[in-house]
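Scope of the values below: all heavy atoms of this structure, side chains included, with no hydrogens, waters or symmetry mates. We name chains A, B, ... by the order of the sequence lines, and we start the count at 1 in each one.
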Amino acid sequence: MSNADAVADDLNEPQLEAVTHVDGPLLVFAGAGSGKTRVITYRIANLVATHSVPPYRILAVTFTNKAAGEMRERLERLLGPELARDLWVGTFHATCARLLRKHHQAAGLSPRFVIYDDADQRSLMDRIVKERDVDTDELPARTVLARIHALKQEAIAPDEVPRNSRRDDLVVSLYEEYDKRLRAADACDFDDLLLHVLRLVERPDPPPHERADDRTLAGVSIRALFRYVLVDEFQDTNAVQYRLVRALVRAHGNLAVVGDDDQSIYRWRGADVRNIRGFAKDFPGARVVKLEQNYRSTARIVRAALAVIGKSRERIAKELWTANDEGELVEVRSAVDERDEAQQVAAYVDARQAEGVARRDLAVLYRTNAQSRVLEEALRARRIPYRIVGGLRFFDRAEVKHLLAYLRLSANPRSDVDLVRIVNVPARGIGATTVDRVQQAARNHGLASLEAMREIARGKIEAGVAAAARKRLLAFVAIVDELVSAEAAGHPPSELAELALERSGYADHLREDGSDEAQTRAQNLGELVGSIREYEQAAEAAGERPSITGFLERTALISTVDEPRGQDPLARGGAWGDDVLTLMSVHAAKGLEFREVLITGLEEELFPFVRARDEDDALFGPSGLTRSEESLEEERRLAYVAITRARQRLLLLHAGHRTLFGQLRFGRPSRFLLDLPRADVKLSLPGTADVGPRSFSSRPERDLDRGPRLAWPDAPPREQPKAAREPGERYVERDEGADLRRGDRVRHKRFGVGRVIDVEEGAEPKIVAEFSGFGEMTILRRFLEPLP
DNA sequence: GCCCATCCTATTTTT
DNA sequence: TAGGATGGGC
């Protein structure tokens with residue numbers, strides 16, 4: 001089986017072209033609903049089955065674990081489990097983690113390094129910031145982490161950070177300290193997984209006479225490993241990912257990327273559309289294939305989507321089309337306010353159900369998660385079961401994190417973040433003061449906290465800890481020691497988990513508590529142990545020895561276990577079965593499709609979401625657009641993504657006013673509504689029968705009391721074209737204000753010529769400069785004249 | 001060591 | 001408006 005020829009008949013021409021492409025760079029523009037996943041999986045199957053490429057030499061990268069899982073599943077069906085098993089299919093992070101386990105030495109890690117998630121990173125940074133006595137009103141830990149994250153996504157090391165203010169200096173030194181602590185803890189944050197591998201594969205080949213060990217050769221052997229690399233959702237790649245991919249295919253250029261610049265909606269988290277838009281330039285001779293036939297949606301929905309994305313100012317030309325039926329009119333509904341809107345949503349769901357459309361075939365989308373609350377209330381009132389995608393994560397629950405911390409600690413007793421997290425869970429009389437002293441001593445003596453604790457408990461180090469507390473410390477150290485040796489002795493992870501629960505006293509603690517909450521916690525822990533068992537079975541089936549590290553890696557890189565939230569008995573099973581309505585943000589909906597889609601909150605300011613920040617208007621991005629213009633472009637693409645989720649029916653809602661962040665806001669209908677092709681749209685008012693296309697007055701604010709009005713025939717708010725700048729590599733600084741840099745020479749009327757020392761950004765930027773005879777002066781920028 | 005009150009903040013979110 | 005985070009008080 002699995003002969004590509006056998007499956008080729010039902011592919012359209014461009015699909016076939018992409019599937020049968022073998023060597024050299026390939027760029028596939030995959031429009032919404034154009035059969036992308038099929039093309040990717042068939043192509044991989046074709047490489048293996050027709051061209052006899054060994055599966056372990058093919059790497060397919062996705063952006064979520066879910067996508068990776070689905071791809072692997074489909075490949076198993078095409079190739080059979082044996083061959084599919086050896087393929088490298090995974091997220092960038094999972095793939096890099098796997099490579100790093102193998103080449104840990106070259107990256108300066110132990111084979112059992114841990115991966116720090118957001119919360120771990122946060123507690124580490126909290127600690128550092130506290131020790132350094134940073135003014136957290138000025139510079140909160142989360143801001144520091146955000147900066148570090150942004151820098152790491154561009155592979156900018158601490159010593160490469162541009163420093164123009166004391167604040168920059170501070171961030172850099174915190175960045176350095178943070179990295180140092182990670183290394184000391186034998187830990188990586190998410191970005192490090194990619195960065196470490198990037199540094200290995202970008203390292204030039206060692207000269208032939210040099211000692212050949214993993215340290216020098218890791219990069220070479222990783223690059224030699226993959227003969228074909230494929231990246232899905234390429235428009236979402238950031239700088240590091242792009243460089244990584246480039247380095248991996250340096251020798252052969254066998255890189256296939258699949259994506260859609262129209263669906264690029266993650267600029268705010270580092271994704272760079274230029275990676276896909278500029279691919280053909282970066283890889284000369286790349287074959288470009290456009291998948292433009294949409295198999296998913298009705299013709300009206302496709303036209304609606306095109307009308308919205310067609311106004312995008314920067315896109316690669318492509319024409320989505322469909323052979324599907326015209327379908328029904330896209331419906332636009334006006335609501336008075338968000339409660340009315342929610343009420344209409346709920347009523348629609350019930351009405352459709354009465355007409356035989358299952359709830360599971362519907363999805364309600366919104367721009368911001370905050371909008372879900374009102375919707376939930378309305379659904380509850382009508383007893384409509386729903387689930388929210390992307391809410392609380394199982395692995396973020398306190399008790400789950402606690403048990404995981406015990407497990408991580410048993411594999412890696414140096415991980416201080418984990419130690420601190422559980423040293424007093426359950427409460428065992430080791431308070432913050434004691435922990436502080438331990439950490440202080442650890443730093444002073446250059447020890448991991450566990451060792452410092454041991455020494456203090458034994459009285460070898462004097463840290464001002466009372467005898468009673470020392471005794472408790474000793475007991476705690478004994479618990480950790482026992483876990484560490486059990487792990488070293490090779491006990492299976494699930495046994496270790498149970499041991500941790502018993503020895504730590506956590507199990508007893510929950511049993512004694514007896515509250516509902518404690519029961520839920522115990523249940524969750526049971527579930528965690530269950531998933532460890534599942535992992536063990538899976539590992540054994542794959543011929544691997546189950547280990548804590550192996551399990552932890554899975555959990556660290558796994559995200560939402562999307563559990564139904566809301567009315568549990570209704571949502572899960574029960575009289576309604578699993579016929580549950582789905583609610584989620586537009587972002588979360590990417591890659592999914594539903595028979596009917598309701599998009600809520602289509603109002604100016606909300607969708608497109610606008611955050612008023614004037615400096616954004618003066619900051620030019622690499623595209624030559626200002627930052628706010630770029631944001632608007634992304635909102636447009638987001639609307640395109642939302643619309644193209646629908647197969648049969650599309651309902652668009654907007655409200656005349658709504659309370660947002662505690663403030664009443666009046667929202668004009670979204671410009672995206674006004675972009676729709678009128679012939680494909682019908683307008684409905686609340687409580688009225690369908691009235692067909694018609695127009696309304698253009699003063700929604702004034703007509704509020706009499707119900708909302710859609711300003712249909714009016715021209716949409718103009719997107720003012722600004723004089724575009726030369727496209728550059730980076731954001732251009734504001735013209736006014738913080739254009740000065742450290743070291744620049746400036747002149748002041750009274751103080752004469754001075755040199756810039758510090759730049760303080762803000763509405764009215766200030767400069768600290770040194771003037772001879774006057775010393776350091778802080779002066780408003782506008783009183784200074786820059787000198788060449 | 002835990003609980004309550006007050007303060008603060010507030011797109012989108014993966015790994 | 002409301003939830004989470006933080007800090008103070010018992």
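- One distance of note links CG of Leu193(A) with NZ of Lys152(A); it measures 9.5 Å at 0.5 Å rounding.
- Ser110(A) and Asp186(A) share a donor-acceptor pair across their side chains, judged by distance under 3.5 Å alone.
- Under the 3.5 Å distance criterion, with hydrogens and angles disregarded, no donor-acceptor pair is assigned to the side chains of Thr600(A) and Arg367(A).
- Taking the 5' to 3' direction, DNA chain C first and last meets chain A under 4.0 angstrom from a heavy atom at dT1(C) to dT6(C).
- Residue contacts shown for Thr368(A) are limited to sugar-phosphate atoms, with no base heavy atom under 4.0 Å away.
- Distances from the side chain of Arg367(A) to the nucleotides dT15(B), dT11(B), dT13(B) place dT11(B) closest.
- Mapped onto DNA chain B by nearest heavy atom, Arg142(A) and Phe63(A) fall at different nucleotides, with Arg142(A) at the one closer to the 5' end.
- Taking only side-chain atoms of Asn65(A), from C-beta outward, the nucleotide of dA10(B), dT13(B), dT15(B) with the closest atom is dT15(B).
- As judged by a 4.0 angstrom heavy-atom cut-off over every strand, Glu635(A) is placed among the base-contacting residues.
- Residue-nucleotide stacking is not present for Phe92(A) and dT15(B), judged by a side-chain ring centre under 5.5 Å from the six-membered base ring centre and planes under 30° apart.
- Residue-level contact check: Phe609(A) touches the bases, meaning some heavy atom is under 4.0 Å from a base atom.
- Regarding Gln235(A), its CD atom lies at a distance of 14 Å from the C1' atom of dT14(B), rounded to whole Å.
- Note: OH (Tyr116(A)) to C1' (dT15(B)) measures 17 Å, nearest angstrom.
- In terms of position on DNA chain B, the residue among Arg472(A) and Val586(A) whose nearest nucleotide sits closer to the 5' end is Arg472(A).
- For Phe607(A) and His654(A), the ring centers sit 6.0 Å or farther from each other.
- Rounding to whole angstrom units, CD1 of residue Ile265(A) and C1' of dT13(B) are separated by 10 Å.
- Contact annotation for Asn424(A): backbone-only contact, meaning every heavy-atom pair under 4.0 Å involves sugar-phosphate atoms and none involves a base.
- Within the 4.0 angstrom heavy-atom criterion, no nucleotide atom of any strand lies near Leu365(A).
- For the side-chain hydrogen bond (donor to acceptor under 3.5 Å, both in side chains) test, no residue two or more places apart in sequence or in another chain qualifies with Ser264(A).
- Distance, Asp236(A) CG to dT15(B) P: 12 Å, rounded to whole Å.
- Distance CD/Glu377(A) to CZ/Arg373(A): 5.5 Å, rounded to 0.5 Å.
- As judged by a 4.0 angstrom heavy-atom cut-off over every strand, Arg373(A) is placed among residues touching the sugar-phosphate backbone only.
- Close to dA10(B), at under 4.0 Å from its OP1 or OP2, lies no side-chain N or O of Asn369(A).
- Between the Ser547(A) side chain and the Gly550(A) main chain, a donor and an acceptor come within less than 3.5 Å of each other.
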Using Watson-Crick and G-U wobble pairs with both distances under 3.5 Å, what is the 5'-to-3' dot-bracket string of DNA chain B, with [ ] for crossing pairs and | for pairs outside the strand?
||||||||||.....
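- Annotation: ring-ring contact (aromatic ring centres under 6.0 Å, His included) contacts of Phe551(A) (sequence neighbours excluded): Tyr535(A).
- A heavy-atom distance below 4.5 Å is not found between the side chains of Thr64(A) and Glu70(A).
- Every residue meeting the side-chain hydrogen bond (donor to acceptor under 3.5 Å, both in side chains) condition with Arg658(A), not counting sequence neighbours, appears here in chain and number order: Glu341(A), Glu603(A).
- We find that CG of Leu638(A) is positioned 12 Å from C1' of dT13(B), with the value rounded to whole Å.
- If you check every strand for non-hydrogen atoms under 4.0 Å, Arg637(A) touches nothing.
- In this structure, the side-chain hydrogen bond (donor to acceptor under 3.5 Å, both in side chains) partners of Gln263(A), at least two apart in sequence or on a different chain, are Asp260(A), Arg645(A).
- Nearest nucleotide to the Thr91(A) side chain, out of dT12(B), dT15(B), dA10(B): dT15(B).
- Taking atom C1' in both dA5(C) and dT12(B), the straight-line distance is 22 Å, to the nearest Å.
- Under the 90° criterion around 0 for the glycosidic angle, dT12(B) counts as anti.
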